[in-house]
Amino acid sequence: MTPPAPSLDRAVLRNISAREHSPLSQTLRHRCWRYFEKEAFVVVVRRAEMEAEGRAAAELSHAAQTELLNLCEEQFAQLEKLQNEIILSEPDSCENPQEQSVNRLMATEAELKQWLTAEPKLLAEHSEVLLKAGKEEMLKLCSELEMVVSCYEAKRDKLRETKELEQKWLEEKKQVLVAVNDHVKRLEIEKEKLSEHTIFQDTKVKIQKMKVYQERLMECLGDILEKHVPFPQNDFSANKKKKSVTQEVNEDLISFSEILELLMNKALDTPHDPYMTIDSTFWPPYIEMLLRYSIAVRHQEDNFKIRLEPFC
């Protein structure tokens, strides 16, 4: 059930139209309309609440409904009175812009003091209306709190999962740290056991083993060369039928193994100049065999110089 307010609405419209054409001062209009808008908002809110309560709470008594309707009519009557006072106010044309600003500031400060000193009023004094309004407010508050609780529960579950993952990661890192510390301690113990004398003795043993291994390799190489590449000798019987003129072999010729040794020493001693000059002590078939099987390489500018082919 709603109060009879059509005539009041038409009056409000007329007052608004008159206000638009009225030459009121800026200070008075600003102050009055701010007060009017606030009071109108309060009345509209109260009226909407009363209508909603009237539809949703049919069990309210007739006295409570009558009290609510009377309250609404009083508020609208007060608004109509204020609107009429604004329309009937005389304009103050003697004020200049500076005075208007000062008056507007004073009006705003007075309005602020009034609102600070004003005490909040109850919606109604009837117990049934207050009880119903309190129930609805509590239900609304409970619904909002339930939403907040659900949000915080979801956040709590997410934080719990994150905590479990972080704890698992922490345990893995602790295990890695323990393993690294054990390895460091073991290395420190081994380092303490070792000494300079021990390292020197180990190095001597390794060098001796390498020398023995080198001697064995050289012996094997000498045996292979002696068997497959023999030292050149005078062989007149084999060449009597093939050649009419025999060639004598120079007695100063060096063996194939000696040639290889000279090439290797030259490559190791002077790596910047590994070439070796060929003289009469080098048997030409040996040189040809070295070049043919890519064991040695000739100098690009001097054919009488050869070097060992780099095999690495």
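Residues take their numbers from the sequence shown, with the count starting at 1. No experiment lies behind these values; they were computed from the predicted model shown.
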**Message:** To the nearest 0.5 Å, what is the distance between CD on E74 and CG on L79?
**Reply:** 12.0 Å
**Prompt:** Side-chain contact, heavy-atom cut-off 4.5 Å: L260 with L290?
**Reply:** yes
**Message:** Between S101 and R104, is there a side-chain heavy-atom distance shorter than 4.5 Å?
**Reply:** yes
**Message:** For residues I199 and M210: do they belong to one hydrophobic cluster (side chain heavy atoms under 4.5 Å, members Ile, Leu, Val, Met, Phe, Trp, Tyr)?
**Reply:** no
**Message:** Can you confirm whether V102 sits close enough to M106 that some side-chain heavy atom of one is under 4.5 Å from a side-chain heavy atom of the other?
**Reply:** yes
**Request:** First locate atom NZ of K185, then atom CD1 of I189, and finally report the distance between them rounded to the nearest 0.5 Å.
**Result:** 8.5 Å
**Prompt:** Do any pairs count as a side-chain hydrogen bond (donor to acceptor under 3.5 Å, both in side chains) and have a residue in residues 213-224, sequence neighbours left out, and if so which ones?
**Reply:** none
**Fill in**
Smallest heavy-atom separation, A267 atom then P274 atom, equals CA-CB, 4.2 Å
**Item:** Close side-chain approach of D302 to T277, heavy-atom, < 4.5 Å
**Value:** no
**Asked** Within a reach of under 6.0 Å around CD of E226, are more than 12 heavy atoms found that belong to other residues, nucleotides or ligands?
**Response** no
**Request:** Verify side-chain contact (heavy atoms from CB on, under 4.5 Å) between V205 and K209, making sure each step is shown before the conclusion.
**Result:** CA-CA 6 Å; V205 171; K209 289 181 180 180; 3.7 Å; yes
**Prompt:** Does V297 reach the side chain of L291, with side-chain heavy atoms less than 4.5 Å apart?
**Reply:** no
**Message:** Rounded to the nearest 0.5 Å, what separates atom CZ in F304 from atom CD1 in I287?
**Reply:** 11.5 Å
**Message:** For residues 154-171, which residue pairs pass the side-chain hydrogen bond (donor to acceptor under 3.5 Å, both in side chains) check, not counting sequence neighbours?
**Reply:** none
**Prompt:** Under a 4.5 Å side-chain heavy-atom rule over Ile, Leu, Val, Met, Phe, Trp and Tyr, are Y275 and F282 clustered together?
**Reply:** no
**Message:** Taking M218 as the starting point, is it possible to reach V229 by hopping between hydrophobic residues whose side chains are less than 4.5 Å apart?
**Reply:** no
**Asked** Quick one: NE2 on H183 to CD on E188, what's the gap to the nearest 0.5 Å?
**Response** 10.5 Å
**Fill in**
Distance col, row L141:CG vs E146:CD, nearest 0.5 angstrom, shows 10.0 Å
**Asked** Within a radius of less than 6.0 Å around CD of Q300, do more than 12 heavy atoms belonging to other residues, nucleotides or ligands occur?
**Response** no
**Message:** Quick check on the hydrophobic clustering: are W283 and L225 connected, directly or via other members, by side-chain heavy-atom contacts under 4.5 Å?
**Reply:** yes
**Message:** I want to check something: taking the side chain as every heavy atom from C-beta on, are I254 and Y286 in contact at a cut-off of under 4.5 Å?
**Reply:** no
**Prompt:** Under the 3.5 angstrom rule, does the side chain of S150 hit a backbone N or O of M147 as a donor-acceptor pair?
**Reply:** yes
**Complete:** One should read off an interatomic distance between I295 CD1 and M289 CE, to the nearest 0.5 angstrom, of 6.5 Å
**Request:** State yes or no: do V184 and L177 share one hydrophobic cluster built from I, L, V, M, F, W and Y residues joined by side-chain heavy-atom distances below 4.5 Å, directly or via other members?
**Result:** no
**Asked** Which pairs pass side-chain hydrogen bond (donor to acceptor under 3.5 Å, both in side chains) with one or both residues in residues 255-273, sequence neighbours excluded?
**Response** S255-S257
